[in-house]
Amino acid sequence: MKVIIAGAGIAGPVAAIALAKTGISVEIIETRDAAEGDEGLFLGLASNGHRVLEGLELDACVRGQPHIRTPQIAFFGARGNRLGNVTSGYCDSDVPITLMRRSLHEALSAEAERRGISIRRGHTVTDYQQGTSGVNVRCSDGQVLRADLLIGADGIRSNVRAAMPGQRLQPDYTGLLNLGGVVPHSGLRSTEGEMRMVWGSRAFFGYAVREDGEAWWFANIGAAKEPSKNELKSAQGDWGTQLTALFDDDLPLITDLIRNTPEIHAYPIHDLPHVPRWQDGRVLLIGDAAHATSPSSGQGASLALEDAAFLAVCLRDITDPVAALARFETERRPRAERIVAEGRRRGAYKAPRTRLQMHLRDTLMPIVFRVFVTDRSLSWIYDYQVPEHAA
Ligand SMILES: Cc1cc2nc3c(=O)[nH]c(=O)nc-3n(C[C@H](O)[C@H](O)[C@H](O)COP(=O)(O)OP(=O)(O)OC[C@H]3O[C@@H](n4cnc5c(N)ncnc54)[C@H](O)[C@@H]3O)c2cc1C
């Protein structure tokens, strides 16, 4: 069987590696010329994602990248008062980590190529046509490639999704912007073991500091109207001023970090709560193409890894490939959509609209952490194990 995968982000190379292990021939088509991902700064890999990496013996290559160990997520009020902690789960190889999105893309693609999987770079899948015995995959240079199956792992603005009949095209804007940067010499002590999140008076801030003092931070701010790419570009020089004004009343290290950041990146946050169909016969969406979740869930990468592993299980255990793709959607949809909804819910608390809302939040949060947000209540996310069999 020959499978073409559109996209060498996270889901694409890991699905390719998992499929190759079951003896399936795979080729990846990737838009970008080099293995790079200039969007997204850093991301947290939770224990459910690590479990997939361990199963495919990919954990060493990922942990070989610069990272910060972040088994705990610690929450603080605006003035630095600790409100509570949650874990990002437990995994066998080591603890969950945070790493640059770009390093993760690079490491996974390099490992796929090292294992003999071809990545055709600089080509974009534009659409497809299928018959009873296979699918013709059209690329931007006019080439048409023939395969038994096409997997759309081409991210939140998936062309494969757009080519499916009756499909949802645009993701939702969540009303939040994500900004962030890196401060090479922050002068702060290492936070190793913790990703720290501060509910500021007007916006949300997260940071982690490596042993060598390099700090990675992000901020989420409310913006009712989604800025265009041009608006984001022209605001580039002003982000520092805007952010320091928003965090002026809060923990002073926040404005220090912002002022010492050489380059601040800004992106609107989108998600896809419900994509009507993930499958069209011999074509399937996985990862962000099917169920992009806001970074507030901390689960986009981990869900993409789970998808990759379960796709291989389905194609190994079910002889009819169309039935295998249908089984994939049935199993994965409820969990993925629940996590996307959870990401939305968490994002809603990040930008308080009134002083009263902020006061209520800071008063109630310690109770919420003690009673409701516990390892047990989060177990459905972090302790999840991809089924070993598809039947
Ligand atoms: C700012 C930000 C912060 C995040 N924080 C977290 C976090 O803390 N934890 C977490 O788990 N997740 C986080 N995420 C989400 C995570 O990055 C995504 O969920 C994850 O990358 C999804 O993987 P994917 O392989 O489905 O898509 P992507 O990683 O987006 O990869 C898609 C790939 O397809 C390529 N491509 C696109 N279109 C085509 C085409 N038509 N043909 C060929 N190639 C194509 C792209 O170039 C890209 O390489 C964050 C994302 C952002 C943007």
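Given the structure is predicted, the values throughout are model-derived calculations rather than measurements.
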Participant: Could you tell me if Asp271 and Ser294 have a donor-acceptor pair between their side chains, going purely by distance under 3.5 Å?
Facilitator: no
Participant: With no hydrogens and no angle check, just 3.5 Å: does a side-chain donor-acceptor pair link His270 and Glu226?
Facilitator: yes
Participant: Kindly indicate whether a cation-pi arrangement holds for Arg338 with Trp380, taking the cut-offs as under 6.0 Å to the six-membered ring centre and within 45° of the axis.
Facilitator: yes
Participant: Got a second to check how far Leu43's CG is from Met100's CE, nearest 0.5 Å?
Facilitator: 9.5 Å
Participant: With a cut-off of 6.0 Å (strictly less than), are more than 12 heavy atoms of other residues, nucleotides or ligands near NZ of Lys233?
Facilitator: no
Participant: Does some side-chain heavy atom of Glu214 sit less than 4.5 Å from a side-chain heavy atom of Val182?
Facilitator: yes
Participant: Do Arg346 and Glu342 meet the salt-bridge criterion of a basic N to acidic O distance under 4.0 Å?
Facilitator: yes
Participant: Tell me whether Ile156 shares a hydrophobic cluster with Val340, the cluster being built from Ile, Leu, Val, Met, Phe, Trp, Tyr side chains joined at under 4.5 Å.
Facilitator: no
Participant: Leu150 and side chain to side chain contact (heavy atoms under 4.5 Å, CB included): which single residue from Leu284, Val137, Leu285, Asn136 fits?
Facilitator: Val137
Participant: Taking all heavy atoms of Leu305 and all of Gly49, pick out the closest pair and write down the distance.
Facilitator: CD1-O, 3.6 Å
Participant: Taking only Lys NZ, Arg NE, NH1 and NH2, and the carboxylate oxygens of Asp or Glu, determine whether Asp317 and Arg327 approach each other closer than 4.0 Å.
Facilitator: no
Participant: Determine, step by step, whether Ser379 and Arg376 satisfy the side chain to side chain contact (heavy atoms under 4.5 Å, CB included) criterion, reporting the C-alpha distance in whole Å, the side-chain angles of both residues, the deciding distance to 0.1 Å, and the verdict.
Facilitator: CA-CA 5 Å; Ser379 162; Arg376 199 158 161 214; 5.5 Å; no
Participant: Using a 4.5 Å cut-off on heavy atoms from C-beta on, say whether the side chain of Phe372 contacts that of Thr374.
Facilitator: no
Participant: Would you call Arg115 and Glu57 a salt bridge, using N to O less than 4.0 angstrom?
Facilitator: no
Participant: Look at the rings of Tyr207 and Phe205 and say which category their plane angle falls in: under 30° parallel, 30 to 60° tilted, over 60° perpendicular.
Facilitator: tilted
Participant: When clusters are formed by joining ILVMFWY residues with side-chain heavy atoms under 4.5 Å apart, either directly or through shared neighbours, do Val86 and Val371 land in the same one?
Facilitator: yes
Participant: Check the side chains of Arg335 and His291 for a donor-acceptor pair under 3.5 angstrom, ignoring hydrogens and angles.
Facilitator: no
Participant: Is any side-chain heavy atom of Leu56 closer than 4.5 Å to one of Val14?
Facilitator: yes
Participant: Is the closest basic N to carboxylate O distance between Glu54 and Arg51 below 4.0 Å?
Facilitator: no
Participant: Taking Ile318 as the starting point, is it possible to reach Leu315 by hopping between hydrophobic residues whose side chains are less than 4.5 Å apart?
Facilitator: no
Participant: State, yes or no, whether a side-chain contact exists between Trp217 and Thr261 at a heavy-atom distance under 4.5 Å.
Facilitator: yes
Participant: Counting only heavy atoms not in Gln129, do more than 12 fall under 6.0 Å of its CD?
Facilitator: no
Participant: Side-chain contact, heavy-atom cut-off 4.5 Å: Phe328 with Ile286?
Facilitator: yes
Participant: Is there a side-chain contact between Glu388 and Val313 in this structure, where contact means two heavy atoms from C-beta onward sitting under 4.5 Å apart?
Facilitator: no
Participant: Looking at Val283, Leu272, Asp154, which one forms a side chain to side chain contact (heavy atoms under 4.5 Å, CB included) with Arg161?
Facilitator: Leu272
Participant: Are Met197 and Ile367 connected in a single hydrophobic cluster, I mean Ile/Leu/Val/Met/Phe/Trp/Tyr linked by side-chain heavy atoms less than 4.5 Å apart?
Facilitator: yes
Participant: Which atom names give the shortest non-hydrogen contact between Val275 and Ala290, and what distance separates them?
Facilitator: CG2-O, 3.1 Å
Participant: Do the side chains of Val322 and Phe310 join up, straight or via other hydrophobic residues, at under 4.5 Å, putting them in one cluster?
Facilitator: no
Participant: Taking atom types as modelled, find out whether Arg210 and Thr98 have a side-chain donor-acceptor pair closer than 3.5 angstrom.
Facilitator: no
Participant: So does Glu106 get a backbone contact from the side chain of Ser109, meaning a donor-acceptor N/O pair under 3.5 Å?
Facilitator: no
Participant: Would a 4.5 Å heavy-atom cut-off, applied to side chains only, mark Leu145 and Cys139 as touching?
Facilitator: yes
Participant: Verify the distance criterion only: is there a donor paired with an acceptor across the side chains of Arg138 and Gln143 at less than 3.5 Å?
Facilitator: no
Participant: Is there a side-chain contact between Leu303 and Arg332 (heavy atoms, below 4.5 Å)?
Facilitator: yes
Participant: Are Phe76 and Trp199 close enough that their ring centers fall under 6.0 Å?
Facilitator: no
